[in-house]
Each structure stands twice: as structure tokens, then as C-alpha cells.
Amino acid sequence: MGTGTDATPLRRLAEPVRGRLAVAVALQAVAALAGVVPFIAVSRIGERLTSGSPARGDALWPLVTLACAAGLVALACGTAAGALAHLADNDLQLALRRRLARHIGRLPLGRLTDRGTGEVKQAVQDDVSALHTLFAHTLLDVVSVLTAPVLALGYLFTVDWRLALLSVVPLLLGVFLFNRAMAGAAVQMAEFGAAVGRISAAAVEFASGIAVFKSFGRGRKAHERFVRATEGFADFFSGWVRSTLASSTAAVLVVTPAVVLLLLTVPGAVFVTQDWMTGAELVPFLLLGPAVAAPMGVVGPRIQQIRAGQAAAVRVTALLDAPTLSEPTTPALPEGHHVCLRGVSFSYDGHTDVLSGIDLDLAPGTVTALVGPSGSGKSTLASLLPRFHDVTAGTITLGGADLRDIPATELYRRVGFVLQDVRLLRASVADNIRLGRPDATDEEVERCARAARIHDRITALPHGYATELGTAVTLSGGEAQRLSIARALLADAPVLVLDEATAYADPHSEALIQDALSALAAGRTLLVIAHRLSTIRTADRIVVLEDGRITEQGRHGDLLAAQGRYAALWEAQRAAGPDETDGLPHQRSAPAGAGRAADDIREGSAR
Ligand code: ADP
């Protein structure tokens with residue numbers, strides 16, 4: 001990836017439209033230069049009119065014509081530059097979004113679930129927009145404010161070099177004051193980001209924890225942390241503003257046309273009264289002086305846009321450079337559905353193994369349950385089967401074929417997953433279920449919904465199966481999970497990875513989910529991440545994971561008799577009562593999927 005400079009990702013992204021952007025820049029430069037010419041012509045006309053000798057029309061007409069022609073050239077070139085930059089940018093945005101979509105589609109699913117979809121949304125939406133601002137607007141603005149003053153100043157030097165030197169003073173003063181205002185800005189910006197981050201964290205904590213805090217009679221406490229974060233931010237921000245207020249205001253003021261005119265008129269008047277220059281010679285300074293200082297007025301916001309564009313380019317290229325799942329060089333098709341893990345190790349960061357030396361067989365039609373303390377690697381191990389990540393060492397085969405050699409469509413036809421974190425689309429209930437198999441008939445959709453114990457709830461919705469989710473209706477976590485079970489039933493993958501729900505506030509919903517899961521399990525090879533040992537007593541095999549290794553495996557009765565780790569976990573959960581999971585105490589709370597499912601729908605995202 002990048003060389004560490006921020007310009008490189010920008011240049012790389014702009015490469016396909018570089019030619020057109022260069023032409024747009026050249027046109028804009030011509031427009032900016034031509035825009036100065038009418039002012040020069042008007043000053044010349046003023047000079048002629050006040051030179052004493054009676055002005056003759058044929059001496060003035062060429063200047064008037066020049067002014068008009070230059071004005072037209074400025075207009076035409078400016079419009080052409082803007083149009084060209086926008087066309088180039090349109091193509092760039094389209095190409096970039098297509099590239100991102102293609103690339104994201106080939107990223108390991110694990111990358112998207114680990115980091116959430118915020119990164120993708122930011123790249124595809126916000127970052128591409130930031131690049132649009134940079135290429136279609138900022139670039140041309142910067143060209144204008146840098147070109148026009150050069151010609152204006154050059155002309156002023158030909159009129160009177162002393163006053164021309166003075167006309168640079170507001171610009172230099174503006175630069176000096178702006179630099180003073182921006183001194184330490186990098187440190188302050190970092191602190192600004194950190195302060196905003198603290199507010200967000202406190203706000204999320206406040207919102208998500210309010211029920212818990214309230215139920216323990218500590219509502220004020222949650223509130224206090226949020227208030228402290230906002231007060232901290234207010235203190236920091238007002239301190240920052242106070243320290244830079246004088247210089248940043250002065251930087252803006254000193255380059256405003258009124259101040260520039262004042263700074264030029266007073267010495268100009270002295271020059272004229274001293275007969276160092278004529279009154280007519282003062283006119284171009286009054287007309288063009290403000291243009292010389294103008295760049296400072298726009299430079300502040302443009303610098304922000306350039307920085308935002310650079311940061312966006314860094315993020316977009318980082319996403320485009322993220323390694324995709326390897327495409328099979330010699331595609332293989334599984335024969336049967338026997339899953340076999342041999343010597344499997346996995347590391348998220350390339351250093352610490354989260355799983356090591358896993359040997360495991362999932363015979364067709366059997367249920368294998370993964371148990372173990374939180375953080376022992378259950379979810380990670382399960383996520384390797386649908387290739388959320390590729391193994392770091394060892395192999396996983398399905399029907400004798402290495403997962404990495406099975407084309408994605410073939411793999412997902414055979415390996416399905418139902419996770420706690422249910423993703424629903426802003427679409428009809430039927431379409432949400434039909435994601436499992438788009439060509440399924442209405443009868444098939446309904447049959448699966450019945451088996452998943454969600455049919456009755458669907459028919460109670462305002463428009464039954466046609467009800468749009470997320471607009472008027474959001475499903476509870478338990479209902480969303482049953483819907484995702486219906487989807488998996490319809491997809492009918494012979495191998496299923498299932499993350500058993502952790503905790504449900506509503507026992508009725510939990511019983512329905514258990515029924516739905518039983519329907520799903522029938523005749524399939526199942527790998528279940530079990531949070532409650534009571535639900536997996538009948539599993540064909542229970543695998544105990546600790547620190548990423550298998551420490552015990554067998555049937556429930558055998559493992560209890562062995563009096564090992566499983567027996568200890570079982571005892572711990574029984575002693576702690578039905579709400580305890582993972583062998584560790586958990587707070588009874590809303591189902592993990594509930595809020596997420598609702599959030600997904602609210603955002604209307606196709607996650
Ligand atoms: P379990 O499902 O048994 O609770 P996990 O598989 O979630 O365990 O986690 C196993 C270990 O891997 C933990 O130490 C956890 O912190 C780490 N881990 C899980 N997901 C990630 C991730 N996306 N990136 C880095 N580390 C992770």
C-alpha cells in the first residue's frame with residue numbers, strides 16, 4: 001500500500017480521469033486570467049478618460065471590446081472547466097463505487113462483520129462525496145484563486161511598483177495571522193476528535209445502558225458521565241476558540257475588500273497628492289487590489305476540503321487494498337457433506353493464535369455443539385466454516401474439497417448460517433425470507449415461515465407477507481431470528497452454522513425459537529455455538545473449547561461422568577440458574593439481535 005504520503009492515494013484514485021482534470025484545470029486558469037482582463041481594460045479606459053486629451057471613441061472601443069471579449073472567454077472557459085470537472089468526477093465516482101462494490105463483495109465476510117458496515121458506508125457514500133467536492137469544486141476554486149492574483153499583481157507592478165508592493169501587504173498579513181491561528185492545529189484537531197469520540201461513547205453508553213442504570217436506581221450516574229463529556233468538550237472548544245479567536249478573525253478581516261481598499265486608498269492618496277502617481281493610476285489598484293488578497297479568504301475552507309479529500313482517499317484505497325478471499329485456482333466441488341478440520345489454527349492479527357491445533361469431524365446429519373467460556377474461540381471456529389475468514393494453518397474440507405477451492409456460490413449453497421446478529425432488509429417480509437432462495441414460490445416461503453414458527457406473527461402484520469419491514473413495522477429480536485431461520489430453511493443448505501441465542505426476555509419467544517431451531521436441525525449437519533448447556537444435552541457431540549484448543553469432547557452423559565471441564569461448566573450453569581450462559585454470569589438483557597435488527601432496518605441497509 002501507500003508510501004505514507006497522503007497525496008499518493010489521491011493521485012492513484014484520480015488516475016483514470018487525470019487527463020480530463022488537467023484540461024479542466026487549464027481551462028479554469030484561462031477563465032481566471034480572462035476574468036482579470038476587463039478590470040485592466042476598465043482602468044485603461046479610466047486613464048484615457050482622465051488623461052486631459054479628449055477621449056476619442058476609436059481609442060476606447062478596442063478596450064471596451066477587449067473587456068467584453070475577455071468577459072465572454074472567462075464565462076465560456078469557466079463553464080467548460082466546471083462541466084468537464086463534473087463529468088470527469090461523475091465517471092470517477094461511478095467507477096469508484098463499482099470498484100468498491102466489486103471489491104467488498106470479495107472481502108472475507110469476517111472483515112465486514114468485525115468492523116461493522118460503518119467502514120463500507122463511509123467509503124461508498126461519505127468518502128466518495130468528499131472526493132467529489134475535491135475534484136469537482138475545490139480543485140477549480142484553488143486554481144482560480146492562485147492564478148487571477150498573479151496577473152492582477154503583475155499588471156499593478158507595471159502601473160506603480162511601490163503601491164503594487166503595498167498591495168501585497170494584506171495578503172502577507174493574512175498568511176501570517178492565519179498561520180498563527182492554525183499553530184498547533186494538528187494537536188488541537190486530534191484533541192477535538194478525541195473529545196467528540198468521548199461524547200459519542202458516553203452518549204451510546206447513556207442510551208444503551210439507561211435501562212440497566214435506571215433499574216438499579218442510578219439513572220443520574222449514566223447521565224452524569226454524558227454531561228461530564230459534553231462539559232469537557234465545551235471547555236476544550238471554548239479554550240481553543242478563545243486562544244485563536246483574535247488571530248483568525250484578524251486573518252479574515254485583513255483580506256476583506258473594505259479593509260484592503262482602506263489600506264490602499266490612504267497611501268494611494270498620499271502618492272497622488274505628492275504627485276508620485278496620477279489619480280487615474282490609482283484606479284487599477286482600487287479595482288484589482290482586493291483580488292490580490294482574495295486567496296486568503298477562501299484558503300481556510302479549501303484547506304479543510306483538501307484534507308478531507310486526502311483522508312477520504314486514504315480510507316478508500318485502504319479498503320480497495322484490503323486482501324480479498326483467494327479465488328480458487330483449481331475449483332473443486334465437494335462430494336458429500338462431511339466437514340473435516342485438520343490442524344486448524346487461526347489468528348486475527350497474524351501473531352496470536354485464537355485457535356490452535358483443532359481437529360474435528362462433522363459427520364453428515366449430526367449435531368455438534370461448541371461450548372466453553374467466553375473468549376475461548378467458539379464464534380471464531382464456527383465462522384471459519386462459512387469462510388468468514390480463512391484458516392491461518394491447517395485445512396478445512398467439505399466433502400473432501402478444501403473450502404478455499406470451492407467457488408463461493410457452491411460453498412454458500414452448501415453451508416448456511418444463522419447468527420444472533422440478524423440482518424434484515426428494508427423490504428417485504430416475503431422478500432426477506434426469499435433471500436434464502438430468490439426463485440422460491442409463495443407456498444414455499446409460507447411453509448418455511450410455518451416451520452420457523454413465525455407464520456402466525458406475519459399474518460398478524462398489517463399486510464401479512466407483503467408488509468414492508470422497517471417502515472411501520474419492526475420485529476423484535478426473537479421474531480427477527482425466527483425470520484432468519486425461515487430464510488435458512490428456504491435456502492436448505494445441508495451444513496448449518498448456528499449461533500444459539502444468548503438471552504431472551506420473553507420465555508414464549510425463546511420456546512418458539514427452540515422449536516424453529518429443531519425444525520432447522522432436522523437432517524442437517526449442524527455446528528451450534530451453545531451458550532446454554534441445557535439446550536444441547538442431546539447433541540451427538542459436545543466439544544469443549546478453552547483458549548482456542550479442544551480440551552474435551554463427547555456426549556453429554558459421558559462428559560458429565562468424566563468429571564472434567566464440561567462437568568464443571570454444567571454445574572456452574574445449573575447453580576447460577578437459567579439466565580447464565582457461557583459458564584459465566586450474564587445480565588438478562590434484550591436479545592443481542594433485537595436492537596441490531598431494528599437498526600439495520602432503520603438504516604435500510606443491505607448488510
Ligand atoms: P467466544 O465465541 O468463545 O466467546 P470468540 O471466538 O468470540 O470467543 O473470541 C476468541 C478470541 O478472539 C477472544 O480473545 C477475542 O477477543 C478474539 N477475537 C474475536 N473476534 C475478534 C476480531 N474480530 N478481531 C480480533 N480478535 C477477535
Side-chain angles (χ1 to χ4, degrees), residues 104 107-120 318-319 322-325 339 341 344-360 362 367-394 396 403 415 417-423 481 496-503 517 526-536 539 541-553 559 564-566 568-570 572-573 576 579-589 591-593 596 607:
I104 290 163
L107 284 176
L109 287 175
R111 172 163 174 130
L112 302 176
T113 47
D114 291 349
R115 305 192 188 186
T117 39
E119 181 194 16
V120 172
L319 190 58
T324 52
L325 284 179
V339 178
L341 291 87
V344 166
S345 298
F346 178 76
S347 157
Y348 282 102
D349 56 8
H351 305 295
T352 339
D353 276 351
V354 169
L355 296 171
S356 38
I358 305 280
D359 292 318
L360 189 63
L362 311 180
V367 175
T368 306
L370 292 175
V371 303
S374 251
S376 56
K378 302 184 294 291
S379 312
T380 307
L381 178 56
S383 73
L384 297 181
L385 237 58
R387 245 191 126 189
F388 276 40
H389 304 278
D390 274 341
V391 295
T392 316
I396 303 181
L403 291 190
V415 180
F417 46 90
V418 175
L419 304 178
Q420 290 196 39
D421 182 7
V422 178
R423 310 287 173 163
Q481 186 155 47
L496 250 181
V497 173
L498 205 123
D499 194 345
E500 188 201 55
T502 43
L517 290 181
L526 214 65
L527 181 66
V528 189
I529 303 172
H531 299 280
R532 276 176 219 206
L533 306 187
S534 57
T535 60
I536 47 127
R541 186 192 317 211
I542 295 169
V543 174
V544 181
L545 272 184
E546 282 178 281
D547 284 337
R549 291 178 181 278
I550 296 178
T551 50
E552 252 184 330
Q553 52 182 311
L559 289 175
R565 188 68 179 130
Y566 179 77
L569 284 172
W570 175 258
Q573 275 203 7
D579 291 343
E580 308 308 318
T581 59
D582 289 355
L584 299 169
H586 275 250
Q587 222 122 42
R588 184 184 262 276
S589 61
R596 296 268 185 81
R607 296 195 277 186

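Both counts, for ligands and for their atoms, begin at 1 and track the order of listing.
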Please say whether V354 places an N or O atom under 3.5 Å from an N or O atom belonging to ligand 1.
no
For ligand 1, which atoms, with element, lie under 4.0 Å from some heavy atom of S374?
4 (O)
Below 4.5 Å, heavy atoms only, C-beta onward: do R387 and D390 meet side chain to side chain?
yes
Worked verdict on E546 versus S376 for side-chain hydrogen bond (donor to acceptor under 3.5 Å, both in side chains):
CA-CA 5 Å; E546 282 178 281; S376 56; over 6 Å; no
Should you measure from each heavy atom of T380, which atoms of ligand 1 turn up under 4.0 Å away?
5 (P), 6 (O), 9 (O), 10 (C)
K378, any N or O under 3.5 Å of ligand 1 N or O
yes
Do V367 and V528 have side chains that get closer than 4.5 Å, going by heavy atoms?
yes
Close side-chain approach of I542 and V371, heavy atoms under 4.5 Å:
yes
Taking atom 1 (P) of ligand 1 as the point of reference, which of P373, G375, G548 owns the nearest heavy atom?
G375
Residues, nucleotides or ligands: over 12 heavy atoms within 6.0 Å of D547 CG:
no
